[in-house]
Structure formats: C-alpha cells, structure tokens
Amino acid sequence: MSPNCVASPPPQVLSGCAIIVRGQPRGGPPPERQINLSNIRAGAMARRAAQSQPDAKDTPDEPWAFQAREFLRKKLIGKEVCFNVEIKTALGREYGMVYLGRDTTGENLAESLVNEGLATVRREGIRGNNPDQVRLCEMEDQSKASRKGMWSEGGGAHTIRDMKYVIENPRHFVDAMHQKPVNAIIEHVRDGSVVRALLLPDHYLVTIMLSGVKCPSFKREPDGLETPEAYAAEAKFFTESRLLQRDVQIIMESCPNQIILGTIMHPNGNITELLLKEGFARCVDWSMAVYTGGAEQLRAAEKSAKERRVRIWKDYVAPTANIDLKDRQFVAKVMQVINADAIVVKMNSGENKTVHLSSIRPPRIEGEEKNKDKDKRFRPLYDIPYMFEAREFMRKKLIGKKVNVTVDYIRAATGAGETTPAFSERTCATVSIGGINIAEALVSKGLATIIRYRQDDDQRSSHYDELLAAEARAIKNGKGLHSKKEVPIHRVADISGETQKAKQFLPFLQRAGRSEAVVEYVFSGSRLKLYMPKETCLITFLLAGIDCPRGSRNTPGGVQTADPFSNDALVFTRDLVLQREVSALGGSVSSLSSRRSSQALCVLVLWSTRQRVLKGLLVWANYEEKPVEEVVQMKEEKERVANYKAAYVTEISDSMHFYAQDVETGAQLESLMETMRAEIAAQPPVEGSYAPRRGDFCIATFADGEWYRARLEKVESPSKVHVFYIDYGNREVVSAVRLAAMPPAFSTRVLPAQATEYTFAFIQVPQDDDIRAEVVDSLVRDIQNTQCLLNVEYAGATCPHVSLQFGDTKDDVGLGLVKEGMVMVDVRKEKHLAKMVRTRGARALLGGWRMFKSV
C-alpha cells in the first residue's frame, strides 16, 4: 500500500488506538495490516490469562478502554478508510493517521477520540511546528475543560467491564436462554463456522459453533503450525467480512459436550445458510436437528451449491446422476415385503423390481444371541425382536397398493468380508403412500433405526433429517426397539413338513371352520404356505378342486421338466394372494405320493366354484367346449322385467349406495332452483333467525354459496348441524347460520325430493374397508355426475336394488366391477333372476380372488 492508502472496510478494531485494515480482495483473502494511531493512547482492553500459566491472572479493562474501542468500532466497521503511515518501528509496528472515507479530507479518528475524552495525547515528542499535533493538544485541553469521557468526575471505575470467560454449567446457561435472541458482538472468527462472541449486556465471552454446518478448518500440526484445508481461508474470510465485530443476535440452541451450538442472525441475512449456498460449508447431521430455521432450509442451500458445483463441491457427482430421469421417480404397485427394509414392486411395464428403503436398518440380532440355541433353526422373521412387527406394519400398509418411489441412490455391489455377507447392487429409495414416508413411519414406531454415514457420504435418503427426528421421538417415547420392556416373542410352529403334527392340527382347523391366515409363500399356482396368526403356526396347503401345471423339480431320476404354463400359474397366484390376508376352510390331511414328495399337506379350500373355466385362457387355449343341448323351460313363474330409464347419478356413498335424479323431472328442478334463489336474493333471510330441529325441511347454503333444499338429520350444536341435500343426495355438517326456513312455494309438496337412493343388484358389497374404498373410487370416476340407464330389479331393506348401464355404451356397470375382480356376485334364489346371476357369475372366480387382498 502507498503512503496514502485506501483500504476496504476494517475487519477489526483492536482497541481505541489500533485497527486492522485490509486491501481489496483479489483471488482470495487480502493481506492484513495493523495501524496504530499516532500521538494518542487509549486504555488497554481486558485480556484473559494464558491457559498455560496457571498462576497468571486475567487483566481487566482500563477505564474507558471499552468505550473507546466501541466508539471506533461503530464508526469504522463496514466503512472504507484512508490512512498514511508516519512511523514504522524496527519490530514492524506501523503508526499513522486514519481518516474516514477515501481521502484525507475525511474525519480524523485520532482527533475524534481525543475530542470525546476517550484517548490522551502523547505529549512527549510533540513538535510545536506540527499543526496536527498542536491541534490534538488543544482538543485534549478542551475535553478536560468540558469534563468529557475520562476527564469526568469519578475516575471511570464504572466503565470497567466484569468479563466472564468461563461458564460453569454451559448446558444450564443455554437452557436458561430459552432460544431467545441475545445481543452480541463477534470478537473473533476461528474458522468459517466457529466464532468467539461477546454476549451483551453481561459480557460473557463464549465460543459459538454454527448449528447444522461445518466449514473447512485449520489443522494444527505437531510443530504448532496450522495447515488450512481446502477453502478454509476463503470460508474464514467470508465469515469475517460479514460478521467480525458486527452487532448481531445469537440464538443459542443446544450444548452437547460443552459446545454451544447456535444461529447468528444479522440484518443482512443468516450466515449459516449463506455459507452453504456459496459452497463454503457442508451440512452435519449431528447438529442439524437443533437448527431453529429447519433442516430443510439448510439442505436446500447445500443442494443449490452442489448443483452449481461451487468451491468444496467443485468435483461433486450426484448419487442419481447415472440414473435416467424416468427411473428416478415412478409409481408402482407393491407385490411383496421383504423383511422390514425392502419391497418388491411391479412397474408399469410388468417387470418386478426390488426397492430398499433409504438410510434405515431393520431390526437385527447380535451374533451371540443368534447362536444361543444352535439346535433350533434360525428364522429371522420370527426370531429377531420386532422384525415381525416391522414386516406386518409394512405389509398392512403397502401390499397391493400403489406407492410413489423416489430413488435416492444406487448402492454398489459388495463382496463378502470376514464378518459380513456379500450384497448385490441395491436400489435405495424413499417410498411414500398418501403423503406418508414409510421409512419415517417405521422409524417413528421404533421398528427400524437410522444408518449413520460419514460426513462426506451423500448416498443417503433425501429425507434424512426427518428420519433422524423420527428416531429421536421414538427414543424419547421408548417405542419399539428403544423400549425398556421385554421384547415380544413369537413362537411359531412350522408343521408344513411334519405329517404327525399336521394330523394333530387338522381337527382344530376343521372345528374352527373359516380361519384367518396370511399367505407367506407361493410354491406354485395351487400350492401355498399359510401363517395362521390365531393358531401361531405355518402350514402348507393346496387349493381344493383344481390342478395347476407343475414347475420343474428335482427327482431321483434327474430334473423333471416343467409343465407348460407352470410359471404363468405361479405368477398369477403370487400376484393375487402373496402376503394378503385370506380366509381358509379346513379340508383333509393326506400323505402325497412320491411324485409330489412324501410330505403331508393340509389341503385347504380357499375358493371353489362349479363354473367351467372359460375357454381361451392359457392351458385351455385349444379347448373346444362340447355342445350342450338346450333345455327349454316350459314356463317361468315370473319373467325379469327390463325397463331402463334415464337417471343422473349425483352422489355415491362409502357403502356403495348411490343417489340419482330422474332425467324427466330435471327441467322442473332447475326451474324451481332458479326461482327459489331469485326470491331469496330479493328477500334474504335474517342470519341466525332459524332454529334447526331434527327432521325439518329447510334450505342451506352449500360450499359454492348457492341455496339448496335440505333435511336436518342431526343437531349437535348451533355450529354442528348435519344436513342432507334432498335433491342431490350429499351430506354436510354446517353451522346454523347457513340455514333458513324453506319457503312454502318450494317445499316437497310442490316438487318431491329428486335424489333417490339405490344400490347395485346381484353384487356383494366388500366387507374389507380398503377394497370397498377402491370400488367406490372407481364408481366415482366412472358414473358420478353422468347420465346412466337404470332398471329396478328387486326391492331391498332400505332402498331398491338396480342394474345400471353407462349411458353411451350401454355396458353394465356392475358386470364391469365383477369382470375387474373388484366385487363378488350375490346369488339370488328367485328363478326369474337366475339368468342375470349366471351372467354376472361368469367372472366370479376372478372377483373372489380380489376379496383376499390385504389392507
């Protein structure tokens, strides 16, 4: 720098008479110089005793020292200065004059300090021919006369700070702050993410580490020298240039291992997020959870730096960089749950794909526990604590459902080690259903734990912070694996291969009649393994009444070739029932011939039908049905009457009942509504004047703001009145202020209620809530708010049972549900309805299988 130099804003004011200045940064942090103000002296600041000298004592402030430093700090920090060096000692100390601004016409800081009584003039060596020095002496005399600063009465003892360098109980100190912002001055920057701060007004000097992030640091070598990591100096300069000796607010968030974690708030922004966004820091998991701004903010800032590949991320490669965009996120149907951390899904292409849940570890057992009983065969699903609970949670939530899969990373294949098995390449992803992250739900229930990673390992879940928070909640609440209670024990007897035990179990199964079970494994199209939860046993069984093609198998004479379509039958059965809840009927126990191995099997009836298999399906592709002589009925007692009329479907309930309007009276309803609304608009009812009573007819405002005719079904309170819209069939809970008396000109005597309740004929309503919801969703998509054709087939207990056809194609809606395997046929005893039942029964077998789908 030249004798008259312009410096960037000073990074630090050391005392009332010494500052640190820098030049303009070019390609990195600029060099620093300490400038001591010529001809004046300010009080020395407090200094802590060296830790290496136990007998040394802390040095307190000299009177008015802190006030002088603060006077300069508030004037200089963040502003440009101009200075000239007058003297440079042999030791390299530089003395000179410092001016505010870019030239010497600015404010002379030495004169300002003397004028305010915050510094004294060094009169020794004053030359009378130097006008600057003479002016300083005159200002000091004026300050004394005015009793400013150190020249005031009292000696300045009240200006000496009570510095506190040690906090006896940092955790209690942090907790006492209750995460409220504390005013502070940043006194020192150790590296980009660690600072020394002076807390005001109590003058605690504390070290603060930024929550959730870590910057490159300076590694101290054995010889005492510090070696900076890549971008450590740049990160330190970035923080210094923005925070050093600035007035800030600090939120102290936690204190693990005597380290105070906090967030530093400056009016110009949050330094934590800025460091991440500019690529000077990376997120750290161990302190991320305490960050008050939310971990997602930090992850987003870090992601921005990674995508731009700035500074520490210049060589960054995303974990999913080699994955096609269409394969990174997709929707698939869950076909199988493997243990508690992986699922098998069926893609839209029909291909099955194994997906592992990212960043979680299923329940596991240590080696000693595993080998405790060497005579007993180890079964992970039942012998590992909480493994069965975890698998069941996933099975009930996911099997047969469509899920959203977001691939987080691909874990490369690994070879076998001394204590670890080999693993093939694994696709790790975040799996969600209905907005719920399945991995997070597992962890929150204590049914899985979180994998801890190296700090530079980015192959982790995209929702890793939520997983950590869920695990913390599970630990705090003592859930699952973190519970101090005794672990659940599952004593499951496997009698699938033992003839004697199977024969002993059969009478219990037969007496039970229909038993609930879960399909654990599918051996072939008709041979399965069941888990009976009530009896806590595993049994192998055959489907009664059918014989499926058999797959290839080993025999004493060699490998026997698979029958045609054996794999198709296996896949068909596996897709329909694997890990679903089913109902089973006990049949018989038999010793099979050597052709099927000489093990005993429980033969159970899952489904039976006398319907012939339709021709054209796989093994019956070449089947020719024999002609059947037509039997002419002499006379039917009663003929089915098909009198379809046009109806407009307005509402479908959760019980598969629906409401429809007669199209012929639709014009009358529209006219009545227009007239009624016009009259109400002309003479609006007084709000709150209507007293609702159960069973009354009234008018009510719907969500669209229009008035409709309604009937009151229940009155819980003035704010909760259950109404039924009589012309459309939908229900709502409203406040009484949205109700009014029905004008007589628009009552049901003038025009009866237009919404009539119906239900489907010849169809059994599914008892399973999820299956029924799926059927209702399908009906809403297909027929709600559309015109259909309706025919009343027979009367029911609450409403007529009808057949419904699409208005355009004339296809039967109920028959379509049966063909899709979503519902089963309801057999009717009336002879005139038998033909209709048989028509719908043509696909009853497929419909029956859907009834076994799990929740």
Side-chain angles (χ1 to χ4, degrees), residues 170-171 174 179 189-197 206-220 228-236 238-239 243 250-265 269-316 318-319 358-361 408-409 440 443 449-473 475:
R171 185 182 295 273
V174 171
Q179 294 192 352
V189 176
R190 192 180 79 183
D191 60 47
S193 56
V194 180
V195 300
R196 193 84 165 153
V206 298
T207 299
I208 302 292
M209 180 178 290
L210 296 179
S211 300
V213 301
K214 184 180 185 304
C215 291
S217 59
F218 297 83
K219 183 179 180 182
R220 187 176 294 277
E229 296 177 351
Y231 297 101
E234 290 86 344
K236 180 180 178 181
F238 184 86
T239 302
L243 293 186
I250 298 177
I251 301 175
M252 288 177 280
E253 295 160 333
S254 183
C255 185
N257 300 324
Q258 307 299 306
I259 301 173
I260 298 178
L261 298 174
T263 298
I264 301 176
M265 305 300 297
N270 185 333
I271 191 65
T272 305
E273 296 179 12
L274 286 175
L275 284 166
L276 287 170
K277 189 176 293 184
E278 295 301 323
F280 286 118
R282 65 175 73 244
C283 293
V284 290
D285 305 324
W286 67 271
S287 63
M288 180 81 70
V290 301
Y291 178 67
T292 52
E296 61 277 1
Q297 300 291 336
L298 301 187
R299 293 292 185 195
E302 184 185 58
K303 182 180 179 182
S304 172
K306 288 177 177 178
E307 291 174 349
R308 292 180 286 119
R309 296 185 179 180
V310 294
R311 300 184 177 89
I312 66 174
W313 305 111
K314 63 179 182 178
D315 299 322
Y316 174 75
S358 300
S359 299
I360 72 165
R361 181 177 287 115
D408 295 320
Y409 56 93
E440 183 180 351
V443 172
T449 55
I450 304 301
I451 298 174
R452 262 57 182 186
Y453 297 95
R454 298 189 316 273
Q455 198 55 52
D456 59 347
D457 188 355
D458 286 326
Q459 290 198 332
R460 60 181 68 187
S461 170
S462 54
H463 298 271
Y464 191 71
D465 301 311
E466 290 91 329
L467 297 182
L468 290 175
E471 186 178 53
R473 293 194 302 270
I475 294 174

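Everything quoted here is computed from the prediction, not taken from an experiment.
A469 meets the side chain to side chain contact (heavy atoms under 4.5 Å, CB included) test with R473; sequence neighbours excluded.
You'll find the side chain of I450 reaches within 4.5 Å of the side chain of I360, heavy atoms only. You'll find the side chain of L298 reaches within 4.5 Å of the side chain of M288, heavy atoms only. You'll find the side chain of P256 reaches within 4.5 Å of the side chain of W286, heavy atoms only. Residues I250 and M252 meet the side-chain proximity criterion, which asks for heavy atoms closer than 4.5 Å. The shortest side-chain heavy-atom distance between Y316 and D458 falls under the 4.5 Å cut-off. In this structure, R308 and W313 have side chains that are not in contact, with every pair of non-hydrogen atoms separated by 4.5 Å or more.
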Sequence neighbours excluded and cut-off under 3.5 Å, please list the side-chain donor-acceptor pairs for residues 272-281, or say none.
unit_1	atom_1	unit_2	atom_2	d
T272	OG1	N270	OD1	3.4
E273	OE2	Y291	OH	2.9
E278	OE1	R311	NH1	3.4

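Interatomic distance, CG of D285 versus CG of D465, reported as 6.5 Å (0.5 Å rounding). Here the CD atom belonging to E253 is positioned 9.5 Å from the CG atom belonging to L210, to the nearest 0.5 angstrom. I312 CD1 to R282 CZ: the interatomic distance, rounded to the nearest 0.5 Å, is 4.5 Å. Rounding to the nearest 0.5 angstrom, the gap separating the OG1 atom in T449 from the CG atom in L467 is 11.0 Å.
By the 4.0 Å N-to-carboxylate-O rule, R452 lies close enough to E471 to be salt-bridged with it. Look at E302 and R299 and you find a salt bridge, because one of the NZ, NE, NH1 or NH2 atoms lies within 4.0 Å of a carboxylate O, short of that distance.
A distance-only check finds no donor-acceptor pair linking the side chain of S211 to the backbone of S287 [under 3.5 Å]. A distance-only check finds no donor-acceptor pair linking the side chain of R460 to the backbone of S359 [under 3.5 Å].
Scanning all heavy atoms of the two residues, the minimum distance from D191 to V189 falls at O-CG1, 3.2 Å. Closest of all the heavy-atom pairs between T239 and G192 is OG1-O, 2.8 Å. What you find for S461 and D408 is that their closest heavy atoms are CA-OD2, 3.6 Å. When all heavy atoms of K214 and S217 are compared, the closest pair comes out as NZ-OG, 3.9 Å.
Summarising the local packing, NZ of K306 is surrounded by more than 12 heavy atoms from other residues, nucleotides or ligands at distances under 6.0 Å.
The cationic atom of K314 (NZ for Lys, CZ for Arg) does not lie both less than 6.0 Å from the six-membered ring centre of Y231 and within 45° of the ring axis.
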